[in-house]
Amino acid sequence: MELVHTVEGFRKALDGERCAGRTIGLVPTMGALHDGHLSLVRRAVQECDAVATTIFVNPLQFAPGEDLDRYPRDLERDRSLAEAAGSRYLFAPSEREIYPREPLARVTAAAIEDSLEATSRPGHLDGVATVVTKLFALAGPCRAYFGEKDYQQLAVVRGLVIDLSFPVEVVACPTVRAPDGLALSSRNAYLTDAERRAAPVLYRALSAGEACIESGERDPTTVSRVMRDFVGTEPSVRVDYAEARPGDQEWRLFVAAWVGTTRLIDNIAVPVGAGPLGAGPVRS
Ligand code: AMP
């Protein structure tokens with residue numbers, strides 16, 4: 001695996017791969033790699049000739065007072081994990097390499113202004129849109145792999161590709177969970193043992209919402225309240241939002257909550273299309 005630190009080096013490497021007739025798989029991350037990230041890398045390796053994993057803790061997507069400074073960073077560990085998963089390149093630029101100056105041009109994600117994360121973390125999804133735009137501009141034609149764990153981010157990225165005509169095929173990958181249901185996240189590293197034991201309440205709340213829909217409930221407010229109340233059963237966890245978004249074929253259930261000083265998010269899909277009570281559960 002080749003470690004690349006510069007924008008020019010990254011562009012040249014991927015241009016070279018394409019010139020040699022190889023397809024590119026791009027896996028953007030903020031590092032502190034875990035099995036969720038590696039599932040994206042492995043999928044990309046299956047579907048593309050050369051995979052590039054990127055690691056950049058993007059300051060634009062953190063608000064003042066958020067966890068930018070304490071975000072876990074361990075390049076050596078990430079390097080061996082990405083290599084073992086089959087990544088051909090690891091692009092790990094410095095902040096100065098990506099933002100050599102205060103950016104004049106930024107991307108805003110206007111269409112998702114009413115989304116839950118946009119409301120809870122103003123500017124966050126715009127920061128994501130800006131850095132993903134830069135990565136797409138550098139990488140060139142490719143398939144890009146994103147996790148459904150960050151479902152609203154995925155919606156923004158899909159929107160970018162349509163609105164800004166990137167030659168990128170976005171591939172959505174299912175959420176990887178710990179055996180107790182907790183979605184894997186780099187931020188889980190912040191949790192104390194007691195918090196780690198409490199954290200699966202997010203997933204259990206989503207499952208309670210799912211059970212509610214499967215028993216025939218079709219009022220999103222009721223389903224949202226069931227999830228919110230469920231999170232409330234865990235005294236050490238404070239809900240940020242719990243919301244059911246209905247759709248024709250499936251509903252999406254979203255939860256964000258504070259476990260101590262750590263903010264975690266999760267979501268699942270619940271199919272409702274086939275028959276009055278919906279099809280069986282399909283997890284993502
Ligand atoms: P992050 O490093 O948190 O920015 O995540 C990088 C990519 O990995 C994003 O596309 C995430 O959606 C994805 N990802 C993070 N956690 C998981 C998970 N538990 N399962 C699947 N994908 C994930």
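Ligands are counted one by one from 1 in listed order, and the atoms in each one are counted from 1 as well. Owing to the predicted nature of the structure, the values given are computational and were not obtained by experimental measurement.
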>> Closer than 4.0 Å to some heavy atom of F146 - which atoms of ligand 1 meet that?
In response: 10 (O)
> Should M30 be counted as touching ligand 1, given the test is an N or O pair under 3.5 Å?
Replying inline: yes
> So is P28 in contact with ligand 1, going by heavy-atom distances below 4.0 Å?
Replying inline: yes
> Nearest protein heavy atom to atom 5 (O) of ligand 1, by residue and atom, and its distance?
Replying inline: H37 NE2, 3.5 Å
>> Below a 4.0 angstrom heavy-atom separation, can you tell me which part of L40, side chain or backbone, both or neither, approaches ligand 1?
In response: side chain
>> If the cut-off is 4.0 Å to any non-hydrogen atom of Q153, which atoms of ligand 1 fall inside it?
In response: 9 (C), 10 (O)
>> What protein heavy atom lies closest to atom 12 (O) of ligand 1? Include the residue and the distance to one decimal.
In response: D150 OD2, 2.7 Å
>> As a check for students: among A144, G147, S185, identify the option with a heavy atom nearest to atom 22 (N) of ligand 1.
In response: G147
>> Run the side chain to side chain donor-acceptor pair (under 3.5 Å) test on Y190 and E195 for me, step by step, so that the C-alpha distance in whole Å, both residues' side-chain angles and the decisive distance to 0.1 Å come before the verdict.
In response: CA-CA 9 Å; Y190 300 149; E195 288 167 354; over 6 Å; no
> When you measure from the centre of the six-membered ring of F230, is the NZ or CZ of R204 under 6.0 Å away and within 45° of the axis?
Replying inline: no
>> For ligand 1, which is the ligand I care about here, please tell me if A183 has any N or O atom under 3.5 Å from one of the ligand's N or O atoms.
In response: no
> Are D126 and R106 close enough for a salt bridge, meaning some N to O gap below 4.0 Å?
Replying inline: no
> When you check the gap from the basic side-chain N to the acidic O, do D15 and R18 get nearer than 4.0 Å?
Replying inline: yes
> Nearest to atom 20 (N) of ligand 1, what protein heavy atom do you find, and at what distance?
Replying inline: V176 N, 2.8 Å
>> Main chain of V223, side chain of E217: is a donor-acceptor contact present, judged purely on distance under 3.5 Å?
In response: no
> Does L184, backbone or side chain, put an N or O under 3.5 Å from an N or O of ligand 1?
Replying inline: yes
> How long is the span from the CD atom in E169 to the CD atom in E47, to the nearest 0.5 Å?
Replying inline: 8.0 Å
> Nearest protein heavy-atom contact for atom 21 (C) of ligand 1: which residue, which atom, what distance?
Replying inline: P174 O, 3.4 Å
> Salt bridge between D266 and K149, side-chain N to carboxylate O under 4.0 Å?
Replying inline: no
> Knowing that exactly one of L14, V7, T6 qualifies, which makes a side chain to side chain contact (heavy atoms under 4.5 Å, CB included) with F10?
Replying inline: L14
> Any Lys/Arg nitrogen of E243 or R252 sitting under 4.0 Å from an Asp/Glu carboxylate oxygen of the other?
Replying inline: no
>> When you measure from the heavy atoms of R177 to every atom of ligand 1, does any distance fall below 4.0 Å?
In response: no
>> Within the 4.0 Å heavy-atom shell around H34, which atoms of ligand 1 are there?
In response: 15 (C), 16 (N), 17 (C)
> In ligand 1, which numbered atoms sit nearer than 4.0 Å to a non-hydrogen atom of T29?
Replying inline: 2 (O), 6 (C)
> Do R121 and D240 sit within salt-bridge range, that is, some charged N less than 4.0 Å from a carboxylate O?
Replying inline: no
>> Please confirm whether E148 approaches ligand 1 to less than 4.0 Å, judged on its heavy atoms.
In response: no
